[in-house]
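Down below is the structure, laid out as structure tokens.
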Amino acid sequence: MIGWRAYAAVGLGSALGTTLRYQLSLALLALPVPLFPWATLAVNILGAWLIAAFAALAAGRAHGRVARWQPFLVAGFCGGFTTFSLFGLETLQLVLLGHPWRAAVYVLVSVALWLAAAWHGHGVGRRVAATG
Amino acid sequence: MELEATGLLLVAIGGALGGMARLAVGDAVARGLGSAFPWGTLVVNLSGALAMGGLVGALGLPVDMPGLSWQLLAIGLLGGYTTVSSFSLQTLTLWQQRRPLAALANVAVTLVAGLLALLLGWWLAGGAT
């Protein structure tokens with residue numbers, strides 16, 4: 001069973017990540033850029049980088065204090081910050097607005113950059129764990 | 001200003017509930033199906049996409065500024081429930097475990113079934129008509 005502490009930590013982290021994602025989307029909405037889901041693309045790349053860096057760091061320091069932050073940071077913050085449902089919705093929205101090619105580019109670029117970010121973050125986390 | 005604060009609060013509450021729901025569902029699925037493949041994240045993302053489609057079918061797409069129910073349910077609850085970070089890390093882990101087919105399947109099934117689930121939810125809620 002997962003204890004109430006883990007639920008509280010995940011709920012708090014997720015609230016924080018979700019709020020930050022929303023604030024970022026409002027900030028980017030004000031920029032004069034072409035119609036494209038920039039904010040969701042950015043949060044998902046950042047979140048993928050962060051979760052992989054943290055996982056590698058925590059794995060490198062088995063009994064350290066790092067792993068204790070896992071529910072708050074990983075399942076909480078990173079999980080709430082990134083979003084798959086809004087990514088899918090924005091893809092559908094681009095198609096409905098008559099931009100099927102933008103939708104296709106959005107999906108392909110997103111997946112490639114999520115995975116590249118996770119790969120890069122993992123390397124950085126491992127190096128940091130090795131130095132400390 | 002007051003409306004902005006209300007919206008922010010609703011997003012935060014939705015995000016907290018969504019994150020805790022993700023933990024509960026992910027844990028239940030992993031206990032049922034094992035953790036050799038990231039079934040938990042897959043079930044979370046597919047069910048979240050289905051629900052998002054249903055929500056859009058019921059509420060319609062936000063045209064200008066999102067309303068309070070959209071902030072609570074779409075941006076907060078479903079936005080916080082689904083995740084790209086765990087999906088990316090788990091795909092990377094499958095690849096590092098020398099299971100390229102499992103990694104590829106995770107990506108393909110998440111994307112294809114995710115978009116289909118969204119369309120299905122939209123259609124079920126009467127959005128396509």
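Every value quoted in this text rests on a predicted model; they were computed, and no experiment measured them. Numbers restart at 1 for each chain; the letters A, B, ... are given by sequence-line order, proteins then strands.
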About how many Å separate [atom2] of [Y] and [atom1] of [X], when rounded to the nearest 0.5 Å?
X: B/S88; Y: A/L113; atom1: OG; atom2: CG; answer: 10.5 Å
X: B/Y81; Y: A/T18; atom1: OH; atom2: OG1; answer: 14.0 Å
X: B/L8; Y: A/Q23; atom1: CG; atom2: CD; answer: 5.0 Å

Considering all heavy atoms of both residues, which atom of [X] and which atom of [Y] are nearest to each other, and what is their separation?
X: A/V10; Y: B/G19; answer: CG1-O, 3.5 Å
X: B/Q71; Y: A/Y22; answer: NE2-OH, 2.6 Å
X: A/W114; Y: B/V84; answer: CD2-CG1, 3.5 Å

Is chain A contacted by the side chain of [X], its backbone, both, or neither, given a heavy-atom distance below 4.5 Å?
X: B/L118; result: side chain
X: B/L46; result: neither
X: B/F87; result: side chain
X: B/V107; result: side chain
X: B/A103; result: neither

Chain A: which of [options] shares the most heavy-atom pairs with it under 4.5 Å?
options: B/L111, B/N45, B/L115; result: B/N45
options: B/G14, B/A24, B/G18; result: B/A24
options: B/G79, B/G114, B/A117; result: B/G79
options: B/L61, B/T93, B/L9; result: B/L61

So which part of [X] gets closer than 4.5 Å to some heavy atom of chain B, the side chain, the backbone, both or neither?
X: A/F81; value: neither
X: A/T19; value: both
X: A/V107; value: side chain
X: A/L96; value: side chain
X: A/A55; value: side chain

Under 3.5 Å, side chain of [X] to main-chain N/O of [Y], donor-acceptor pair present?
X: A/S14; Y: B/G15; value: yes
X: A/S85; Y: B/L78; value: yes
X: A/T82; Y: B/S85; value: yes

When hydrophobic residues are tied together by side-chain contacts of less than 4.5 Å, even through go-betweens, does [X] share a cluster with [Y]?
X: A/L35; Y: A/L41; result: yes
X: A/V105; Y: A/F87; result: yes
X: A/L26; Y: B/I13; result: yes
X: A/L108; Y: A/Y106; result: no
X: B/L116; Y: B/W122; result: no

Contacts satisfying side chain to side chain donor-acceptor pair (under 3.5 Å) that involve residues 102-113 of chain B (not counting sequence neighbours) are B/T91-B/N106
Going by chain and number, the hydrophobic cluster around A/W119 (ILVMFWY, side chain to side chain under 4.5 Å) further includes B/L92
Do other residues, nucleotides or ligands put more than 12 heavy atoms under 6.0 Å from A/H120 NE2?
-> no
- Message: Measuring only between side-chain heavy atoms, which start at C-beta, is B/T83 closer than 4.5 Å to A/C78?
- Response: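 Counting from C-beta outward, B/T83 and A/C78 never come under 4.5 Å.
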Exercise answer: donor-acceptor pairs, residues 33-41 of chain B side-chain atoms, under 3.5 Å, sequence neighbours excluded:
residue	atom	partner	partner atom	Å
B/T41	OG1	B/Q90	OE1	2.8
B/T41	OG1	B/Q90	NE2	3.2

Self-check item: Heavy-atom contacts under 4.5 Å, residues 48-57 of chain B to chain A
Solution: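 Listed by number, the contacting residues are B/G48, B/A49, B/M52, B/V56.
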